[in-house]
2 protein chains.
Amino acid sequence: MDSRELGYFVAVAEELNFGRAATRLGIAQPPLSRAIKQLERRLGVALFTRTSRSVTLTVAGEVLLQEGKRALTALTAARRRAQRAGNPGLVLTMKPNIDGDLLEKILAQFANDPAAVEVEVLIGGIGEQAVLLREGEADAALLRLPHADVDGLAYEELLTEQDVAVLPRTHRLADRASITLSDLDDEQLPYWPGSRPNGGPLVRDSAQLLQLISLGRTVALLPASVRYHLRDDLTTVPVSDADTSTLVIAWPQDARSRSLAALVEAAVAVSSIRPARTS
Amino acid sequence: MDSRELGYFVAVAEELNFGRAATRLGIAQPPLSRAIKQLERRLGVALFTRTSRSVTLTVAGEVLLQEGKRALTALTAARRRAQRAGNPGLVLTMKPNIDGDLLEKILAQFANDPAAVEVEVLIGGIGEQAVLLREGEADAALLRLPHADVDGLAYEELLTEQDVAVLPRTHRLADRASITLSDLDDEQLPYWPGSRPNGGPLVRDSAQLLQLISLGRTVALLPASVRYHLRDDLTTVPVSDADTSTLVIAWPQDARSRSLAALVEAAVAVSSIRPARTS
DNA sequence: GGGTATTGATACTCTGCGGGTATGGATTCG
DNA sequence: CGAATCCATACCCGCAGAGTATCAATACCC
C-alpha cells in the first residue's frame with residue numbers, strides 16, 4: 001500500500017467529502033475519487049459507503065483511519081528523526097508559562113551531566129507538544145496531565161499542583177484568601193480550540209488569554225505556577241475545589257538516546273528538590 | 001516521503017549491497033541506486049557512505065533503518081487490520097506445544113463470555129508470533145518470556161514454569177529423578193535459526209526437534225508443559241538449575257476491541273485456576 | 001603490475017500511472 | 001421544476017520510475 005494513497009484516504013475520511021478533501025490535498029477531485037476506488041480494490045474492502053449526496057466510513061474505513069494515521073505519523077517521524085540524526089542536540093518542546101519555573105533549573109542541572117548536549121527549546125501551540133514528539137520534531141516535551149494525550153509516550157512526573165484562578169487585581173474576588181469553583185459560576189470562562197464552546201471567549205494562546213483577563217472579559221483556571229511570570233495587573237487566588245494537574249517530562253516510548261536519558265534524569269532531580277526545600 | 005522509497009532503503013540498508021537489494025526487491029540495480037540517491041537528496045542527509053566496493057550506513061541511515069522499519073510495519077498493519085475489520089472473529093497465534101495445555105481451556109472459558117466470537121488459531125513458526133501481531137495478521141498471541149520480543153505489545157502473564165530436559169526413554173539420564181545443567185555438558189544441544197550455532201543440530205520447528213531427540217542426536221530444554229503432548233518414546237526429567245519461562249497472552253498495545261479484552265480475561269481466569277486447583 | 005571480477009553510477013529510452021479538464025448522473029432543496 | 005451539490009466517468013497528457021547498455025573505480029589474484 002502506498003503512503004500517498006493512504007494520505008488521500010485519511011483526507012477523505014476526515015472531511016467525509018471528496019471535493020473538500022481534494023482541495024486540502026491540492027489536487028482535483030476526479031483523481032482523488034479514482035485513487036480511493038483503486039485503494040479499495042487493492043485492499044479488497046469497501047472503505048466508504050457513498051450515496052450521491054453523502055459519504056460515510058465503513059467499519060473497515062474506521063479501522064484504516066485510526067491505524068493509517070498512526071502509520072503516517074510513524075513515517076514522518078522516521079523522516080524527521082533521520083534528518084535530525086546528524087545534529088547531536090536535543091529539542092525540548094513546551095507551551096509557554098507551564099514549566100512551573102523549572103525549565104531553567106532543568107537545563108542548568110542537565111549542563112552538569114557528562115552526556116549533556118545543546119538543548120533547543122521549541123515553544124509550540126496548545127496541544128501540539130505530543131504531536132511534535134510523535135512526528136519526530138522534538139525529543140522531549142513538558143506536558144500537563146491529564147490534559148495532554150500521552151499515547152505512545154513515556155513520561156516522568158515532575159510537579160503536581162492545583163489550578164488557581166487568575167484575575168485582574170481589580171476583580172471583586174481578587175482580595176479573597178481563597179474561593180471555590182461556585183464563586184466563578186457567573187464568569188465567562190474561556191475555551192480552547194478543540195474543546196466545546198461554553199459561552200466564553202475562544203483563546204488560542206496564553207498571551208491572548210492573559211490579555212483578555214486584563215480587560216476583564218474573562219477569568220481563567222491555570223496551574224499555580226503561572227504566578228511566577230504574571231503581569232502586574234493580574235493576581236491569583238487559590239480555588240479550594242479546583243482540578244489538579246501534573247507537569248511531566250515526556251518522550252517517545254522507544255527513544256534510546258543517552259543524552260535524552262540524562263535530560264530526563266536532570267528534570268526529575270530538579271523537580272524533587274522542590275518538596276525537599278519546603279520541608 | 002514515499003513508502004516505496006523507504007522499502008527500497010530498508011532493503012539496501014539490510015543487505016548493504018545494491019545489487020543483492022535490487023534482486024530482493026525484484027527490480028534492476030540502476031533504478032535502485034537512483035531511488036536511494038533521490039531519497040538522500042529529498043531528506044537532505046547522506047544515508048550511506050559508499051566506496052566503489054562497499055556500502056555502510058551513516059548515523060542518519062541507522063536511525064532511518066530503525067524508524068523506517070517500524071513505520072513500514074505500521075503501514076502493513078493498517079492494511080491488514082482494515083482488511084480483517086469486516087470479520088468479527090479473532091485470530092490467536094502461537095507456536096505448537098507451548099500452550100501449557102491451556103489453549104482448550106481458554107477457548108472454552110471464552111465461549112462463555114457474552115462478547116465471545118469465533119477464534120481462529122494460527123500456528124506460526126518460531127519467533128513469528130510477535131511479528132504477526134505487529135503486522136496486524138493476528139489479534140492475540142501466546143508467547144514465552146523472556147524469549148519473545150514484546151516491544152509495542154501489552155501482555156498478561158498466564159503461567160510460569162521451569163525448563164525440563166526432554167530425553168529418549170533409553171537415555172542414560174532418563175530414569176534420574178532430577179538432574180542439573182552440568183549433567184548435559186556433553187550433549188549436543190540444538191539451536192534455533194537466529195541464535196548462534198553451538199555444535200548441535202539446527203532445528204526449525206518442534207516436530208523436527210522431537211524427531212532428533214528420538215534419534216538420540218540431541219536433547220532439549222523445554223518448558224515443563226511439553227510433557228502433556230509427548231511422544232511415547234520420549235520422557236522429561238526436571239533440571240534443578242534450568243531457566244524458567246513465562247507463558248503470556250500478548251496483544252497490540254493500542255488494541256481496543258471488546259472481544260479481545262474478553263479473550264484475555266478468559267485466558268487469565270483459566271490460568272489462575274491452576275494454582276487454585278493444586279492448593 | 002596487469003588482467004579480471006565486483007560493485008555502484010551514468011546515459012538513454014520507454015511505458016504506465018497519476019493528475020488535469022470536461023462532463024454526466026443522482027440527489028437535495030427552494 | 002430548475003438550481004445546486006457531489007461523486008463518477010471519459011479522455012488526454014506529462015513525467016516519474018523502470019529497463020538496458022555501459023562506464024568508472026576498487027579489490028583481488030597470479
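Each chain gets a letter, A, B and so on, in the order the sequences are listed, and its residues count up from 1.
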Spacing of CG belonging to A:Asp139 relative to CG belonging to A:Leu133, to within rounding of 0.5 Å: 8.0 Å
Carboxylate-amine/guanidinium proximity below 4.0 Å for A:Glu67 and B:Arg79: no
Touch class at under 4.0 angstrom, heavy-atom based, for A:Phe48 against every strand present: nothing
Separation between CG of B:Leu209 and CH2 of B:Trp192, rounded to the nearest 0.5 Å: 6.0 Å
Along DNA chain C (nearest heavy atom to each residue), the more 5'-positioned of B:Ser54 and A:Tyr8: B:Ser54
Contact list for DNA chain C against residues 27-39 of chain B - heavy-atom distance below 4.0 Å: B:Gln29, B:Pro30, B:Ser33, B:Lys37
Gap between atom OG of B:Ser3 and atom CD of A:Glu5 - 0.5 Å precision: 9.0 Å
OP1 or OP2 of D:dA24 under 4.0 Å from side-chain N/O of B:Arg53: no
Nucleic acid contacts of residues 13-22 of chain A, taken as heavy-atom distances under 4.0 Å to DNA chain D: A:Asn17, A:Phe18, A:Gly19
Ion pair B:Arg84/B:Glu137, N-O distance below 4.0 Å: no
Exam field: side chain B:Arg20 to backbone B:Glu15, donor-acceptor pair closer than 3.5 Å: yes
Salt bridge A:Asp151-A:Arg70, side-chain N to carboxylate O under 4.0 Å: yes
Validation row: B:Leu263, B:Trp251 side chains within 4.5 angstrom (heavy atoms): no
Short N-O contact, A:Glu128 and A:Lys95, less than 4.0 angstrom: no
Terminal contacting nucleotides, 5' and 3', DNA chain C versus chain A (heavy atom, 4.0 Å): C:dG18 to C:dT28
Atom pair CD (B:Gln66) and CZ (A:Arg256), whose distance is rounded to the nearest 0.5 Å: 8.0 Å
